Structure formats: structure tokens, C-alpha cells
Undergrad: 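Here it is, the structure in full.
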Amino acid sequence: MSQALTLARPYARAAFATARDEGAFAPWSDALAFSAHVAADPRVSALLANPELGRDDAVALLAPEQRSETFSRFLSILADAHRLPLLPEIAGMYDQLRAEAEHVVKATVTSANELAAAELDAIKAALRKRFGRDVEVSTAVDASLIGGAVIDAGDVVIDGSLKGKLARLQTALAN
């Protein structure tokens, strides 16, 4: 596990606990996503590394317009600990914790071509049945898959792509 993820974990858990206590999962998710997006910008990350940037200026730079006082304090804590560059990792871990708490599986379906709505609905239904949870699906297109799709649902990856089948066949023939 990378050092960034190790350092980000307690902050993500603290953000999650605060959001749970406030009953504000979605606003915290939105605020973290915004701040993470800004912090990931190379120009902003260079600025965050500047020791002359004050805490209040860093918080003002990273905080969304519509934010709670608690979220601003969270960013201040991150700034004081020099952990603002970890915001992308913190936001990702927060979203995982939120999905678990809300019993939602997040899956990415990568296909060779754009999927029709009916195909996507069938995949969602199959995943809902397999995991026994609600499923949030995002899609991506990767023409190198040739055909089929790859479904990535966290710890479970289902490779039904033609590229994957060819790779498995090549491995089987080589052995």
C-alpha cells in the first residue's frame, strides 16, 4: 500500500465519521470531490508545496463556495498537518466508506463501444443480483478491448472482453 494511502486513511475516516454524525454524506462527498479536483491540478499542487502559502489562503483556494463550517475546519486541520496534497486519496477513500455505509457497490463498465441503455440496465441488474446491493455504474470506452466489456467492482473484476479472452487463450496455449 502506498504511503499516501496510509497517510490519507485516518483523515478519510474522520471525514466520514463527521459526515455521518451530521447526516451529510452527499454534501461532504461533493465538497471533497471539488477540493480533491482542485488539489490535483499541477499548478495548485505546486502552490500547496510553497511554504509561504498561509493556511487560510490554502483553505480558501480549496474549499467550495457552498461548504459547512465543519468542512472548512477539516481543511484547516489538513493544512496545519501539511496533508492538503492528500485530498484526492482522502476523497477516494471517503467515497468507498460512504458506498459501504449506504450498501452501494460502485462498478465501472469499460466496453469496446458505447453500451446501449438496455445493455447497461441488464448489467446493473446482474450486478445487483450478484452483490445483493444497489449498484452505481459508470461507463468508459476502450476500443483496444476489441469487443465485450470489463466490469470492475472494487475487489471483483469480470473480464468478458475479447482482448482478455485472447490473452487467456494465448497463456493456455503457451503452457
Side-chain angles (χ1 to χ4, degrees), residues 1-50 53 55 57-111 115 120 123-124 127-128 130-142 144-145 149-159 161:
M1 185 174 301
S2 78
Q3 182 180 7
L5 291 176
T6 302
L7 293 172
R9 181 178 292 115
Y11 296 103
R13 287 181 178 161
F16 175 76
T18 303
R20 182 186 56 222
D21 292 347
E22 293 178 351
F25 282 141
W28 269 80
S29 189
D30 294 342
L32 280 169
F34 175 86
S35 297
H37 181 73
V38 173
D41 184 288
R43 297 168 295 182
V44 174
S45 62
L47 186 59
L48 292 176
N50 186 338
L53 179 69
R55 177 188 74 184
D57 292 332
V59 169
L61 176 68
L62 294 171
E65 243 179 76
Q66 303 298 321
R67 65 184 179 276
S68 67
E69 179 60 34
T70 314
F71 186 77
S72 293
R73 283 197 309 269
F74 178 74
L75 289 179
S76 294
I77 290 167
L78 290 176
D80 289 342
H82 305 287
R83 299 292 190 238
L84 289 172
L86 295 175
L87 275 164
E89 288 83 5
I90 292 168
M93 290 178 144
Y94 172 88
D95 283 340
Q96 289 174 347
L97 292 168
R98 178 183 175 196
E100 283 180 31
E102 294 178 337
H103 303 292
V104 174
V105 174
K106 292 190 177 207
T108 302
V109 178
T110 306
S111 58
L115 292 174
L120 198 53
I123 290 170
K124 284 181 189 178
L127 290 173
R128 203 173 299 118
R130 177 171 182 162
F131 293 112
R133 294 177 162 193
D134 286 336
V135 179
E136 273 183 28
V137 175
S138 59
T139 60
V141 175
D142 180 358
S144 74
L145 295 178
V150 176
I151 301 170
D152 182 349
D155 295 338
V156 177
V157 177
I158 303 166
D159 188 349
S161 69

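Keep in mind that what you see is a predicted model, and the values were worked out from it rather than measured.
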Undergrad: Does a side-chain heavy-atom distance below 4.5 Å link L62 with L48?
TA: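 Of all side-chain heavy-atom pairs linking L48 with L62, at least one is under 4.5 Å.
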Undergrad: Is there side-chain contact between L87 and L78, with at least one heavy-atom pair below 4.5 Å?
TA: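 Yes, close enough: below the 4.5 Å cut-off.
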Undergrad: To the nearest 0.5 Å, what is the distance between CZ (R13) and CG (L97)?
TA: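 So the gap between those two atoms works out to 7.0 Å.
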Undergrad: Can you tell me how far apart CG (D95) and OG (S29) are? Round to the nearest 0.5 Å.
TA: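 That separation rounds to 4.0 Å.
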Undergrad: For side-chain contact (heavy atoms from CB on, under 4.5 Å), just list the numbers for L127 and V105, CA-CA rounded to whole Å, side-chain angles, deciding distance to a tenth of an Å, and then say yes or no.
TA: CA-CA 9 Å; L127 290 173; V105 174; over 6 Å; no
Undergrad: Give me the atom names and distance for the closest heavy-atom approach of A107 to V135.
TA: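 Reported closest heavy-atom pair: CB-CG1, 4.4 Å.
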Undergrad: May I ask you to check whether over 12 heavy atoms, not counting those of R130, lie within 6.0 Å of atom CZ?
TA: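 Counting neighbours around CZ of R130, 12 or fewer heavy atoms of other residues, nucleotides or ligands fall under 6.0 Å, so no.
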Undergrad: Between R133 and H103, which heavy-atom pair has the shortest distance, and what is it?
TA: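 R133 and H103 have their closest heavy atoms at CB-O, 3.3 Å.
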Undergrad: Do L115 and I123 have side chains that get closer than 4.5 Å, going by heavy atoms?
TA: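 Contact flag for L115/I123 side chains = yes.
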Undergrad: I'd like to check the side chain to side chain contact (heavy atoms under 4.5 Å, CB included) partners of A33; sequence neighbours left out, ordered by chain and number.
TA: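 By the side chain to side chain contact (heavy atoms under 4.5 Å, CB included) rule, A33 matches no residue at all.
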Undergrad: Nearest 0.5 Å please: distance from the CD atom of E136 over to the OG1 atom of T108.
TA: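 If I round to the nearest 0.5 Å, the distance is 10.5 Å.
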Undergrad: Out of the candidates D30, V38, L32, only one should pair with F34 under the side-chain contact (heavy atoms from CB on, under 4.5 Å) rule; please name it.
TA: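 Of the listed options, the one satisfying the test is V38.
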Undergrad: Distance check, rounded to the nearest 0.5 Å: E89 atom CD versus Q3 atom CD?
TA: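 Reported value, rounded in 0.5 Å steps: 11.0 Å.
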Undergrad: Pairs in or reaching into residues 73-95: which pass ring-ring contact (aromatic ring centres under 6.0 Å, His included), with residues at least two apart or in two chains?
TA: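 Applying ring-ring contact (aromatic ring centres under 6.0 Å, His included) to every pair that reaches into residues 73-95, excluding sequence neighbours, yields W28-F74.
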Undergrad: Among S76, P27, S35, which residue satisfies the side-chain contact (heavy atoms from CB on, under 4.5 Å) criterion with F71?
TA: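 Output: one option passes, namely S35.
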Undergrad: Atom CG in L84, atom CZ in R55: separation rounded to 0.5 Å?
TA: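 Answer for the CG-CZ pair, L84 versus R55, is 10.5 Å.
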Undergrad: Would you confirm whether S45, through its side chain, and P42, through its main-chain N or O, come within 3.5 Å as a donor-acceptor pair?
TA: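 Looks like yes, one N/O pair under 3.5 Å.
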